[in-house]
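What follows is one structure encoded as structure tokens, with my remarks underneath.
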Amino acid sequence: MQTLTVVTKVRIVAVDITHDIEQIVRKSGITDGLCRVSIPHTTAGLFVNEKEDPAVATDIMEALNRIAPHQGPYNHAEGNSDSHIKSVLTGTSVTLPVAGGWLALGRWQGVFFAEFDGPRTRSVNVVVHKA
């Protein structure tokens, strides 16, 4: 397992981590298999979506804010219930195919780390293995 560190400077942001994951896949030497990306956090998430236009990730994060606004009638006393809800909505892991030594993503796809309770320093775990 390889661990990436993501440092965020604001409360809510989507960070494109595709390049970092691709480097781990390339260094693994595995040409065909799976890449499992996961995070050990309950107020962050992972998602795959368009990376060519940064407005898409912004739209996704804004939509999640509308679904689970920061202020709300929540029971959790720490003030970050919205972050937990957003984490559940995005999920905390993705499994990606590896083909020819590269992530087998669509032309426009990228992998994003979603920070919902920053600023923080976070870990992203990446495991590459043969199928």
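Computed from heavy atoms alone, side chains included, the values below leave out hydrogens, waters and symmetry copies.
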> According to the salt bridge (Lys or Arg N to Asp or Glu O under 4.0 Å) rule, which pairs have a member within residues 35-47, sequence neighbours left out?
Replying inline: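 Those involving residues 35-47 do not exist here.
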
>> Can you pull out every salt bridge (Lys or Arg N to Asp or Glu O under 4.0 Å) where at least one residue sits in residues 76-100? Sequence neighbours excluded, please.
In response: R11-D82, D82-K86

> Any idea which heavy atoms bring T8 and G118 closest together, and the distance?
Replying inline: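 Scanning both residues, the minimum pair turns out to be OG1-CA, 4.1 Å.
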
> Can you name the residues that form a salt bridge (Lys or Arg N to Asp or Glu O under 4.0 Å) with R120, not counting sequence neighbours?
Replying inline: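 Listed in chain order: D117.
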
What distance separates [X] [atom1] from [Y] [atom2], expressed to the nearest 0.5 Å?
| X | Y | atom1 | atom2 | answer |
| --- | --- | --- | --- | --- |
| I12 | T43 | CD1 | OG1 | 10.5 Å |
| N80 | Y74 | CG | OH | 10.5 Å |
| H129 | C35 | NE2 | SG | 8.5 Å |

> Could you go step by step and tell me if L64 and F116 meet the side-chain contact (heavy atoms from CB on, under 4.5 Å) rule?
Replying inline: CA-CA 10 Å; L64 289 168; F116 300 126; 3.9 Å; yes

With sequence neighbours left out, what residues match [X] under side chain to side chain donor-acceptor pair (under 3.5 Å)?
| X | value |
| --- | --- |
| Q2 | none |
| T121 | none |
| T18 | D16 |
| S28 | none |

> Can you name the residues that form a side-chain contact (heavy atoms from CB on, under 4.5 Å) with E52, not counting sequence neighbours?
Replying inline: E50, W108

> Can you name the residues that form a side-chain contact (heavy atoms from CB on, under 4.5 Å) with R107, not counting sequence neighbours?
Replying inline: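 Expected list: none.
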
> Is there a side-chain hydrogen bond (donor to acceptor under 3.5 Å, both in side chains) between T3 and N125 once you walk through the steps?
Replying inline: CA-CA 5 Å; T3 301; N125 299 320; 3.2 Å; yes

> Any sub-3.5 Å donor-acceptor pair from Q109's side-chain atoms to G106's backbone N or O?
Replying inline: yes

Just distance, no hydrogens or angles: give the donor-acceptor pairs under 3.5 Å from side chains in residues 53-61, sequence neighbours left out.
from : atom 1 : to  : atom 2 : distance (Å)
D53  : OD1    : A55 : N      : 3.0
T58  : OG1    : P54 : O      : 3.3

> Does any pair with a residue in residues 36-61 pass ring-ring contact (aromatic ring centres under 6.0 Å, His included), and if so which ones, sequence neighbours excluded?
Replying inline: F47-F112

> To which residues is I21 joined in a hydrophobic cluster, defined by side-chain heavy-atom contacts under 4.5 Å among Ile, Leu, Val, Met, Phe, Trp and Tyr, whether direct or through other members?
Replying inline: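 Direct or chained contacts put I21 with L4, V6, V10, V13, V15, I17, I24, V25, I30, V37, I39, L46, V48, V94, L96, V98, L103, L105, V111, F113, V124, V126, V128.
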
>> Going by side chain to side chain contact (heavy atoms under 4.5 Å, CB included), T92 matches just one of S38, P40, S87. Which one?
In response: S87

